[in-house]
Amino acid sequence: MTSAVEFASVTRHFGSASAPIKAVDGVDLTIAEGAFFAMLGPSGSGKTTCLRLISGFESPSSGVIRIFGEDVSATPPHLRNVNTVFQDYALFPHMNVRDNVAYGLMVKGMSRSARYARAEEMLSLVKLSSYGDRKPGQLSGGQRQRVALARALVNEPRVLLLDEPLGALDLKLREAMQDELKALQKRLRITFVFVTHDQHEALSMADSLAVFNDGRIAQIGTPEQIYAAPRTRFVADFVGSSNVVPPAMTAALGGPVQWSSLRPEATSLAATGPVTGTITALRYQGSSTRAVLRCGETDIAALIPTGQPIPEIGSTRAFTFAPGALHVMAGE
Amino acid sequence: MRSDRASPLLKITATLGLLFLHVPILLIFLYAFTTEERTYQFPPPGLTTQWFAAAWARPDIWEALALSLKVALIATFLAMILGTLVSAAMSRAKFFGREQITLLILLPIALPGVITGISLRSAFGLMDIPFSTWTIILGHATFCIVIVYNNAVARFRRLSGGVMEASADLGANAFQSFWYILLPNLGTALLAGGMLAFALSFDEVIVTTFTAGQQATLPIWMLEELIRPRQRPVTNVVAMVVFAATVVPILLAFYLTRNGSETAGAGK
Amino acid sequence: MTAPAIIPARGPADRLTALFWRRPRLLLALLLTPPLLWLGLVYLGSLAALLLQSFYSIDEFSGRVVPEFTLKTYAELLRPSNYDVIIRTVLMSAAVTIGCAILAFPIAYFAARYARGRWKAIFYLGVMLPLWSSYLVKVYAWKLILAKEGIITWVASATHTTPVLDAILALPIIGGNSLSTSYLGMFAVFVYVWIPYMILPMQAALERVPTSMLEASADLGATRAQTFRTVILPLALPGIIAGSIFTFSLTMGDYIIPQIVGNSANFIGMAVYQLQGTAGNIPLAAAFAVVPIVIMLIYLTLAKRAGAFDAL
């Protein structure tokens with residue numbers, strides 16, 4: 001299978017040559033055709049720069065980017081068959097919705113009737129059939145996002161880039177859009193690459209993802225792999241809100257002298273165990289209560305299913321975990 | 001609540017102040033109809049419309065009007081091109097020398113007009129350039145650039161930076177993006193800047209006296225009449241024309257920019 | 001067959017776009033070259049020419065400009081008759097600036113704090129229109145008002161206050177034969193013509209004073225006068241300074257108003273105009289013109305230190 005996007009040791013510097021800021025630092029990455037790929041990371045981690053490197057609004061300082069096997073070093077954005085759904089949507093304020101959607105076809109010289117027919121098709125795909133005559137200023141945030149989506153998809157891009165696509169929407173709309181985007185991608189079979197800082201969004205939508213930290217990729221894998229087997233402390237902490245267990249404690253729990261991670265839902269409180277601590281916080285979450293156990297310098301979170309007795313804050317407890325739940329990390 | 005209501009004294013002084021700004025101009029209109037030719041007697045002893053006919057019949061006024069229009073139109077045209085180019089460059093990115101360029105654009109209106117005037121005059125003198133319509137235009141276009149620039153740069157700033165990227169992303173080349181996205185969004189701001197530049201140029205007298213030589217624009221004609229009055233009411237008729245020629249574009253400019261901010265807000 | 005990942009360039013426009021994309025500085029240079037050439041050559045070139053000529057002198061016998069470096073022309077500025085012109089101009093500019101600040105305050109304060117909706121628009125246009133509309137027409141209007149047989153004399157006689165007017169005109173220095181031939185009249189015209197330049201920045205500065213701050217001051221027991229002196233005035237100050245840059249600079253460079261209204265006393269602008277015209281003494285005209293530039297540079301430096309540029 002061909003790869004849709006390929007980064008070969010791509011670096012992007014900003015600032016002066018003497019004191020460069022490495023926004024992207026030696027990234028190797030392959031995104032398979034037809035994937036729903038997420039770039040996840042905190043702000044300033046280089047994920048957005050990577051997206052802009054694919055669309056062509058940034059150029060690599062070194063390294064090669066290939067789209068469907070073709071080196072795009074000399075290709076300006078308007079000649080790349082890649083389209084973007086921008087974070088603030090960037091709809092053209094002076095055009096109505098129909099002209100916004102038909103814009104990409106217009107600049108490629110398609111006749112008015114043909115491009116309007118295609119625009120209508122796209123608008124019905126995103127459930128905005130009757131909105132063609134409106135101006136973007138008259139739409140709600142969710143509707144604007146659908147227009148931005150239709151405007152990009154009407155060009156039948158080989159890769160669709162989405163920059164924080166759900167960031168500006170409220171919680172309820174965000175959940176509905178997650179399902180819709182997923183269904184749309186399945187139907188159109190276009191490679192989707194989206195950038196997000198929200199780990200829940202990345203885990204629930206993507207079929208594979210890259211976790212960015214400090215301009216580098218900390219880990220690439222399926223959501224299950226990354227959640228269950230984080231490779232570094234950063235990934236464990238950022239992605240799963242896992243308990244990060246220092247080497248000494250890992251050894252005390254029966255593992256090697258290495259960093260490890262332990263998911264709270266696999267951890268439960270016990271009367272006795274190899275490691276004990278003091279309960280410092282309790283948070284009721286509906287189906288369970290999250291307890292924080294302070295063991296020396298390390299906080300261990302455990303979930304107590306609703307219905308079981310809740311210990312008092314300040315009381316001393318140990319903890320246990322399901323067999324195999326302690327995941328020893330390969331990286332630092 | 002005392003912060004919600006103005007004291008009557010403040011209200012009255014503010015309103016009087018606003019009237020103070022406008023009443024003198026109305027007097028010009030009144031005096032254009034007076035029957036008294038030699039003095040500025042108030043109230044006018046009688047009213048007549050004969051001065052409009054007198055002004056109409058004066059070829060020197062027509063010549064001055066034609067020169068003023070020509071200068072204002074060409075200077076505005078040049079300033080619109082140059083001002084748009086600078087604002088497009090300034091809206092793009094941070095680059096070395098940006099602050100210095102801003103200062104350079106502002107300087108012609110920050111320094112008194114007499115400085116611009118005498119500078120141009122001495123440069124023409126040093127280079128033996130004879131006075132012509134073009135020496136007037138050269139000066140006018142220089143101080144009109146900043147007017148167009150100010151209007152255009154404000155609109156550039158408000159236009160979401162993403163739209164030009166979005167246009168390229170959708171397959172438009174730089175010229176298509178300029179034509180289909182930038183120009184429609186910038187159009188009214190540019191037009192407003194052009195209107196204001198026209199008003200400024202049509203009315204300008206200080207720089208012009210240094211760059212015109214023996215030619216007379218309408219304001220220079222007026223200035224000569226003010227220093228050595230001949231038919232005073234005719235001067236009033238001309239003053240009315242000059243006032244109208246500046247006020248109409250100013251009002252249009254306000255109308256245009258007001259519309260622009262509305263569409264950027266909520267749409268029609 | 002699916003579409004290719006890279007669309008081939010369709011013509012010169014696409015290829016040129018690609019070139020601009022690869023070399024963003026090329027586009028920037030193309031955009032900036034014409035305006036910078038214009039401003040650099042026409043404007044800076046002229047300023048340089050002015051500065052250059054101010055270091056030349058005039059031959060007293062032939063009346064021709066001697067193109068040799070000398071400070072003689074600048075020394076001439078210090079002659080009592082020339083020095084007086086500079087002092088007179090600076091004093092008038094300062095008086096006009098203070099007059100504008102006092103008169104502008106109620107308008108700016110009302111427009112900033114109380115005018116709402118339609119009134120806000122009326123005040124805005126009411127200030128902007130005189131700011132942009134014909135300068136010469138405005139000066140001319142005041143010639144009508146101040147004339148001996150004009151409206152002020154008429155109002156004075158209609159209200160039986162002619163003695164008051166005469167008393168004012170009899171004042172030493174600022175009085176005169178009539179208002180249109182006195183410093184007082186000139187002052188009034190200057191204030192009228194430049195006051196919109198004071199109102200706008202002042203209003204902008206006052207609009208930034210939060211209402212809650214005034215309420216807090218009243219809450220703490222300050223009287224209106226105390227609130228004004230200790231809260232409003234300091235906060236409006238950057239706006240006043242910004243406005244004063246305009247009123248000061250514009251008065252200092254003006255040569256039309258002293259020519260039309262006033263007692264034919266000389267001002268810097270007039271001196272520049274007359275020296276370059278009838279007298280043909282361009283070096284001295286240039287040296288005179290350098291004076292307002294230097295004063296404004298000092299003024300701008302001080303204003304910048306006072307934070308006035310944030311209010312522009």
Side-chain angles (χ1 to χ4, degrees), chain A residues 14-16 51-52 54-58 75-97 99-110 115 119 133-139 144 147-148 150-157 159-163, chain B residues 84 87-89 91-99 151-193 255-268:
Chain A
F14 290 110
S16 62
L51 199 76
R52 292 172 63 80
I54 303 173
S55 58
F57 295 116
E58 302 285 351
T75 311
H78 81 287
L79 296 179
R80 297 186 186 194
N81 202 356
V82 168
N83 290 113
T84 308
V85 175
F86 290 88
Q87 187 174 11
D88 63 352
Y89 314 136
L91 298 179
F92 307 129
H94 61 296
M95 292 181 185
N96 65 25
V97 166
D99 284 322
N100 259 285
V101 174
Y103 185 81
L105 303 174
M106 179 193 71
V107 295
K108 290 185 195 84
M110 189 185 277
R115 64 176 193 255
D133 291 320
R134 300 220 191 164
K135 286 275 177 74
Q138 296 167 299
L139 302 179
R144 276 182 226 183
V147 175
R151 185 178 70 170
L153 288 172
V154 78
N155 303 291
E156 296 174 346
V159 180
L160 183 76
L161 308 174
L162 304 106
D163 188 3
Chain B
T84 309
S87 45
S91 72
R92 289 184 72 80
K94 289 198 188 303
F95 53 88
F96 181 73
R98 195 190 165 87
E99 301 251 309
N151 267 271
V153 93
R155 186 67 64 88
F156 266 126
R157 224 174 270 153
R158 218 177 41 207
L159 191 64
S160 150
V163 295
M164 288 301 277
E165 282 193 356
S167 174
D169 188 79
L170 293 165
N173 63 42
F175 302 90
Q176 289 171 318
S177 296
F178 175 80
W179 185 255
Y180 292 119
I181 305 299
L182 198 56
L183 214 53
N185 278 298
L186 216 58
T188 52
L190 278 179
L191 212 55
Y255 180 75
L256 286 171
T257 44
R258 185 210 57 159
N259 242 18
S261 62
E262 268 182 12
T263 44
K268 271 177 230 146

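Throughout, a chain's letter reflects where its sequence line sits, starting with A, and its residues are numbered from 1.
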Contact summary for [X] and [Y], nearest pair of heavy atoms:
X        : Y        : result
B:Val163 : A:Pro93  : CG1-CD, 4.2 Å
A:His94  : B:Asn185 : ND1-ND2, 3.1 Å
A:Ala90  : B:Ala166 : O-CB, 3.7 Å
A:Tyr103 : B:Ser167 : OH-OG, 2.7 Å

Contacts of type salt bridge (Lys or Arg N to Asp or Glu O under 4.0 Å), residue A:Arg52, not counting sequence neighbours
A:Glu58, B:Glu165
Just so I know, are the side chains of B:Asp169 and A:Arg80 near enough to count as touching, which here means a heavy-atom distance under 4.5 Å?
no
Measuring only between side-chain heavy atoms, which start at C-beta, is A:Met95 closer than 4.5 Å to B:Ile181?
yes
Proximity breakdown for [X] and chain B, heavy-atom pairs closer than 4.5 Å:
X        : result
A:Leu91  : backbone
A:Asn83  : both
A:Val82  : backbone
A:Arg134 : neither

Residues in ring-ring contact (aromatic ring centres under 6.0 Å, His included) with B:Tyr180, at least two apart?
none
Check the side chains of B:Asn173 and A:His78 for a donor-acceptor pair under 3.5 angstrom, ignoring hydrogens and angles.
no
